Amino acid sequence: MKKSDRPPPPSLASQIGYSLIPKKTVQDRLHDAREFLRVGKEEIDKGRGIADKRMVREGCEKVFHAFVEAAAARIQKYGLGVPESHDQIREGLYVSGPKELMETWDKVFSRLHVISYYRGWLDYQKIDESVKEVEIAIDTMGKLVGK
């Protein structure tokens, strides 16, 4: 195999986990979190109104991603770098606290990301509960990072 046929070596960030150089500021992440939340809620509402399950699923994923962005802001502000996987987000929330954020992560990861988005099983009561929990968590994380 020639050298040009080989892929480049893995990046430093992929070898050590958390990225040392944040690509976005904490404030950028919080802004993005709030925007993903807004758009996701709109998609869920619109999808329900026109019976478009795909739109509801995509709205659930956007609300989940809102939590991802806010959690990354919390973890980054705490000094752990930028998480690069779901496992690193969970670990970062465990370390940075409060424990309610990790518990919320576990619920919305399961309900919005896995069950609603990937599996397409839409339990609207659980979706509504999860959206409210994400809203509260984003507000909490915003206060914890100073915005």
Side-chain angles (χ1 to χ4, degrees), residues 7-8 10-147:
S11 68
L12 179 61
S14 70
Q15 294 178 40
I16 62 171
Y18 294 100
S19 176
L20 296 176
I21 303 170
K23 294 167 183 65
K24 291 195 271 188
T25 69
V26 168
Q27 300 310 321
D28 289 341
R29 289 186 185 286
L30 284 174
H31 177 270
D32 288 352
R34 291 183 177 108
E35 186 63 13
F36 274 111
L37 178 62
R38 182 189 66 75
V39 172
K41 287 170 61 176
E42 287 175 3
E43 284 189 11
I44 291 168
D45 290 344
K46 183 176 179 184
R48 284 169 100 166
I50 62 173
D52 185 337
K53 290 182 178 183
R54 181 194 49 79
M55 186 178 287
V56 173
R57 291 171 66 184
E58 289 176 3
C60 288
E61 185 68 357
K62 285 182 178 75
V63 172
F64 170 71
H65 191 72
F67 191 100
V68 168
E69 287 291 333
R74 168 67 176 140
I75 293 163
Q76 183 176 337
K77 180 73 173 187
Y78 192 78
L80 297 175
V82 179
E84 295 184 347
S85 69
H86 293 142
D87 287 340
Q88 288 180 358
I89 291 170
R90 189 174 192 280
E91 291 166 6
L93 290 172
Y94 177 78
V95 170
S96 64
K99 74 175 185 169
E100 292 80 14
L101 290 176
M102 190 187 75
E103 292 167 356
T104 300
W105 166 264
D106 287 343
K107 282 192 260 182
V108 301
F109 178 83
S110 176
R111 290 178 181 174
L112 296 177
H113 185 58
V114 176
I115 294 171
S116 297
Y117 181 67
Y118 279 108
R119 294 187 181 156
W121 301 340
L122 303 177
D123 179 334
Y124 290 108
Q125 180 180 348
K126 297 291 186 196
I127 290 170
D128 292 343
E129 289 171 8
S130 296
V131 169
K132 284 182 180 27
E133 290 176 16
V134 169
E135 288 175 316
I136 292 166
I138 289 173
D139 287 343
T140 299
M141 287 184 272
K143 290 174 186 166
L144 289 169
V145 302
K147 183 172 183 191

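Keep in mind the model is a prediction, meaning the values are calculated, not measured.
- Side-chain contact between Leu144 and Lys77 is absent, with no heavy-atom pair separated by less than 4.5 Å.
- The backbone N or O of Asp106 lies less than 3.5 Å from no partner atom in the side chain of Ser110, so there is not a single donor-acceptor pair.
- For Lys24 against Gln76, the heavy-atom pair with the smallest separation is O-NE2, 3.0 Å.
- Among all heavy-atom pairs drawn from Val134 and Ala66, the shortest one is CG1-CB, 4.5 Å.
- Here Met55 contributes atom CE and Cys60 contributes atom SG; the two are 12.5 Å apart, rounded to the nearest 0.5 Å.
- A distance of 12.5 Å separates CG in Asp32 from CG in Leu37, rounded to the nearest 0.5 Å.
- Here the side chains of Ile115 and Asp123 are not in contact, with every heavy-atom distance at 4.5 Å or above.
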Handout entry: side chain to side chain contact (heavy atoms under 4.5 Å, CB included) evaluation trace for Arg29 with Val82
Key = CA-CA 11 Å; Arg29 289 186 185 286; Val82 179; 3.3 Å; yes
Practice task
Output, in order, the C-alpha distance, side-chain angles, deciding distance and verdict of side chain to side chain contact (heavy atoms under 4.5 Å, CB included) for Glu42 and Lys46.
Solution key: CA-CA 6 Å; Glu42 287 175 3; Lys46 183 176 179 184; over 6 Å; no
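- The two residues Ala71 and Ile89 have their closest heavy-atom pair at CB-CG2, 3.7 Å.
- Remark: the backbone N or O of Gly59 is paired with a side-chain donor or acceptor of Glu43 at under 3.5 angstrom.
- Using the six-membered ring where Trp is involved, Phe109 and His113 have ring planes that are tilted, between 30° and 60° apart.
- Look at Arg54 and Glu58 and you find a salt bridge, because one of the NZ, NE, NH1 or NH2 atoms lies within 4.0 Å of a carboxylate O, short of that distance.
- When every heavy atom of Ser130 is checked against every heavy atom of Arg111, the shortest pair comes out as OG-CD, 3.0 Å.
- Rounded to the nearest 0.5 Å, atoms CZ (Arg34) and CD1 (Ile138) are 7.5 Å apart.
- The backbone N or O of Leu122 lies less than 3.5 Å from no partner atom in the side chain of Ser116, so there is not a single donor-acceptor pair.
- Rounding to the nearest 0.5 Å gives a distance of 12.5 Å between CD1 of Ile44 and CG of Asp52.
- Classification of the His86-Trp105 ring pair by plane angle, with boundaries at 30° and 60°, yields tilted.
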Exercise for the section: Could you go through the side chain to side chain contact (heavy atoms under 4.5 Å, CB included) check for Phe67 and Leu93 one step at a time? Expected result: CA-CA 11 Å; Phe67 191 100; Leu93 290 172; 3.8 Å; yes
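- Ile75 approaches Gly81 most closely through the heavy-atom pair CG2-O, 3.7 Å.
- Of the N and O atoms on the side chains of Glu69 and His65, at least one donor lies less than 3.5 Å from an acceptor on the other residue.
- With hydrogens and angles disregarded, a donor-acceptor distance shorter than 3.5 Å links the side chain of Gln88 to the backbone of Glu84.
- Side chain of Arg74 to main chain of Gly97: a donor-acceptor pair is present (N/O by atom type, distance under 3.5 Å, no hydrogens or angles).
- From Thr140, atom OG1 reaches atom CD of Glu100 across 8.5 Å, with rounding to the nearest 0.5 Å.
- Salt bridge status for Lys132 with Glu129: absent, with no side-chain N to carboxylate O gap under 4.0 Å.
- Taking a 6.0 Å sphere around OH of Tyr124, one finds it holds more than 12 heavy atoms contributed by other residues, nucleotides or ligands.
- Atoms CE and OG1, from Met141 and Thr104 in turn, are 8.0 Å apart once rounded to the nearest 0.5 Å.
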